[in-house]
Amino acid sequence: MKFLLVGGGAREHALGLALTKTPDVKLFVVSKHKNPGLAAIAKQYLVADETNVDAVVKFAQKNKVEWAVVGPEAPLAVGLSDRLRQSGIHACSPTKAAAEIETSKRYMRELLAKHKISGNVRSVAYDSAAAAKAALAKDGIDVALKPVGLTGGKGVRVFGDHFTDLAGASQYVDEVFAQRIGGEGILIEERLEGEEFTVQCFTDGRTVIPTVAVQDHKRLLAGDEGPNTGGMGSYSQADGLLPFLPKKVFEEAVSIVRRIVLALGTEGRTYVGPIYGQFMLTKDGPKVIEVNARFGDPEAMNVLALLQTPYADVAIRMSEHRLGGTAPRFDSLATVVKYVVPEGYGTKPATGVEIKVNAAKVRSHGAEVYFANVEEKAKGRYACGTSRAIAVLGRGETVHQANDHCEAGLAEVKGERIFVRHDIGTATLLDRRVKHMRAVLGGK
Ligand code: AMP
Ligand code: GLY
């Protein structure tokens, strides 16, 4: 069975490992940078721009691949799944039209409103800086400012965190339009308060199967300080919930994702592949922050490390619209993932940073290493790029134990000028989340 895998981050390394659990899967990888973890398991590797649809399709055809798994959003946004399907390759990822649920935050809000799906947030899209600034001046600045299109998770600015007055808010609006950040205007959204969580599901367009709830940590620094990043780490509990997330709310969130999938179907945009709901639990219940047309990074690792069923089976069943029937099986364990990044990541990343990793030793601690933006210099020696370098995942009966395993694994990653958010998965941070949630609910 020949699988094309597009993307070269830690999420894709985890996907590659999950796919090659099936002994007769042969992997053909395309990514911008050569991922050493994927290079070790790939039959062929093409280093190319993942959005160069012609090059990707040609590589897939030349190697006669049958199935395709696309990790990141950028190739979905330019219609890679559609082109693969036109070439007779079964894409286990959404079409360009279905992926609009991620690529246009405006479309996402409008779909929820049209289909009366709960969890929507007051949100108005503006096509000009003048109109957006006038609205801020008139209605106030207690809002979130969100570029409509893709920004790699780094485009949102929130009152209190990123700006505190009209001048600051207006300046960001000007920047978004002047620099065409996200490319399609800006949304002004009601600011929500609460705790965030991620719900990732598998779907074939009809059946929607949830995986464990995960909490990501977008802010760069310990204690949730500093700028937003792609995600510094994440954790999940053995029971599939989170310390502040009751079962009832999790199920409500899953039902929102299910309704989104069904709504896309009725709009003629049948959705196939993993789908990601980012929620905030507020005093008024779970609210949709964003929907992604893919696994999250790092959240993919939390889920794929627990998946017992080979991902090749799940992917094929999604693409063939036969996900119903035997449900995929998962280990009932907790997970903690932390990213190692070069110092200055998120603002001004240091260059020429080197790390040494002894993967076998990492594994001896009950942990796993996933490579991201690193180049292999020699066995066990890697040069970091400017984004997230490697992720270490620990598993355990409890988050506490999973965190111990993750930290023991991280101790086998040696290097100067590297940075890790060690507070992720600690009892102190988990307690803080529970207390914050209690305060938001006002003792409810
Ligand atoms: P996004 O790129 O949409 O995931 O947003 C990035 C981060 O901005 C989220 O993880 C939230 O922490 C924050 N955010 C987004 N939308 C809102 C909102 N309406 N209210 C408060 N915070 C938000
Ligand atoms: N971790 C957030 C994302 O993948 O969008």
Side-chain angles (χ1 to χ4, degrees), residues 7 9-12 14-15 70-74 76-77 99 101-109 112 119-125 141-163 169 172 176 181-182 186-200 213-220 224-236 274-284 286-304 337-339 341 346 372 387-388 391 421 424 433 436 440:
R11 166 183 52 207
E12 287 75 25
L15 278 166
V70 182
E73 62 276 23
L76 299 173
I101 196 70
E102 167 168 9
T103 60
S104 169
K105 288 182 196 278
R106 178 180 202 159
Y107 177 71
M108 183 272 280
R109 291 286 175 224
L112 265 68
N120 210 359
V121 174
R122 236 181 306 124
S123 173
V124 184
I141 57 162
D142 190 3
V143 295
L145 299 172
K146 306 174 94 163
V148 169
L150 293 178
T151 62
K154 293 158 195 143
V156 176
R157 298 289 182 277
V158 181
F159 171 73
D161 286 347
H162 306 105
F163 60 87
Y172 187 57
V176 167
I181 299 172
I186 199 162
L187 291 178
I188 301 184
E189 267 184 23
E190 164 191 7
R191 183 175 66 91
L192 304 172
E193 232 189 302
E195 280 295 326
E196 283 178 72
F197 62 98
T198 301
V199 175
Q200 298 168 101
V214 181
Q215 189 170 39
D216 182 21
H217 297 70
K218 281 197 195 275
R219 302 293 285 269
L220 177 66
D224 294 328
E225 302 288 334
N228 274 333
T229 67
M232 295 298 290
S234 48
Y235 69 93
S236 67
I275 184 164
Y276 168 118
Q278 176 80 29
F279 292 89
M280 194 178 295
L281 178 52
T282 71
K283 63 177 176 12
D284 304 314
K287 300 283 180 186
V288 180
I289 295 277
E290 65 172 352
V291 182
N292 291 333
R294 54 177 170 84
F295 276 119
D297 187 352
E299 296 100 316
M301 289 173 267
N302 302 87
V303 163
L304 292 170
V337 178
K338 299 185 200 191
Y339 258 115
V341 301
S387 48
R388 297 176 291 185
R421 251 194 84 171
I424 293 166
R433 305 250 181 258
H436 177 223
V440 166

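Counting begins at 1 with the first residue of the sequence. Remember, it's 1-based here, ligands and their atoms both numbered in the order they're listed.
- When only non-hydrogen protein atoms are considered, atom 7 (C) of ligand 1 lies nearest to Asn228 ND2, 3.9 Å.
- For atom 22 (N) of ligand 1, the nearest protein heavy atom (residue, atom name, distance) is Val158 CG2, 3.7 Å.
- Listed by number with element, the atoms of ligand 2 under 4.0 Å from a non-hydrogen atom of Tyr276 are 1 (N), 2 (C), 3 (C).
- Lys218 has no carboxylate O lying under 4.0 Å from a charged side-chain N of Glu196, or vice versa, which leaves the two without a salt bridge.
- Contact analysis puts Gly296 in contact with ligand 2, with a non-hydrogen atom separation below 4.0 angstrom.
- Only the side chain of Asn292 comes within contact range of ligand 2, with a heavy atom under 4.0 Å; no backbone atom does.
- Which parts of ligand 1 touch Ile289 is read off a 4.0 Å heavy-atom cut-off, strictly below it: atoms 3 (O), 4 (O), 15 (C), 16 (N), 17 (C).
- Closest to atom 15 (C) of ligand 1 among all protein heavy atoms lies Lys146 NZ, 3.5 Å.
- Protein heavy atom nearest atom 18 (C) of ligand 1, with residue, atom name and distance: Ala144 CB, 3.6 Å.
- Using 4.0 Å as the threshold, Lys105 has a heavy atom nearer than that to some atom of ligand 1.
- In His217, neither the side chain nor the backbone holds a heavy atom less than 4.0 Å from any atom of ligand 2.
- Of the protein's heavy atoms, Glu290 OE2, 2.8 Å lies nearest to atom 4 (O) of ligand 1.
- With respect to atom 19 (N) of ligand 1, the closest heavy atom belonging to the protein is Glu190 O, 2.9 Å.
- In this structure, Phe197 and Phe279 have parallel ring planes: the angle between them is below the 30° cut-off, well short of the 60° mark.
- For atom 20 (N) of ligand 1, the nearest protein heavy atom (residue, atom name, distance) is Leu192 N, 2.8 Å.
- Closest protein heavy atom to atom 9 (C) of ligand 1: Glu196 OE1, 3.3 Å.
- If you take CG on Asp216 and OG1 on Thr229, they are separated by 7.0 Å, rounding to the nearest 0.5 Å.
- Set against the non-hydrogen atoms of Glu189, the atoms of ligand 1 under 4.0 Å away are 19 (N).
- Annotation: Lys218 places no N or O atom under 3.5 Å from an N or O atom of ligand 2; distance criterion only.
- Residue contact check for ligand 2: Ala300 places no non-hydrogen atom closer than 4.0 Å to it.
- Figure legend: Arg191 and Phe159 shown without cation-pi pairing, the cationic atom not lying both under 6.0 angstrom from the six-membered ring centre and within 45 degrees of its axis.
- Scanning both residues, Gly155 and Pro147, for their nearest heavy atoms gives O-CD, 3.1 Å.
- For Arg11, the closest heavy-atom approach to ligand 2 does not fall below 4.0 Å.
- Using a 4.0 Å cutoff on heavy atoms, Phe295 does not count as a contact of ligand 2.
- Within the set Val156, Thr151, Val143, the minimum heavy-atom distance to atom 5 (O) of ligand 1 is found for Val156.
- Closest to atom 5 (O) of ligand 2 among all protein heavy atoms lies Arg294 NH2, 3.0 Å.
- Between Glu193 and His436, the closest side-chain pair of non-hydrogen atoms falls below 4.5 Å.
- Proximity of Gln278 to ligand 2 is not established, as no heavy-atom distance is less than 4.0 Å.
- Salt bridge Arg433/Asp224: present, at least one basic N to carboxylate O contact under 4.0 Å.
- Which parts of ligand 2 touch Asp216 is read off a 4.0 Å heavy-atom cut-off, strictly below it: atoms 1 (N), 2 (C).
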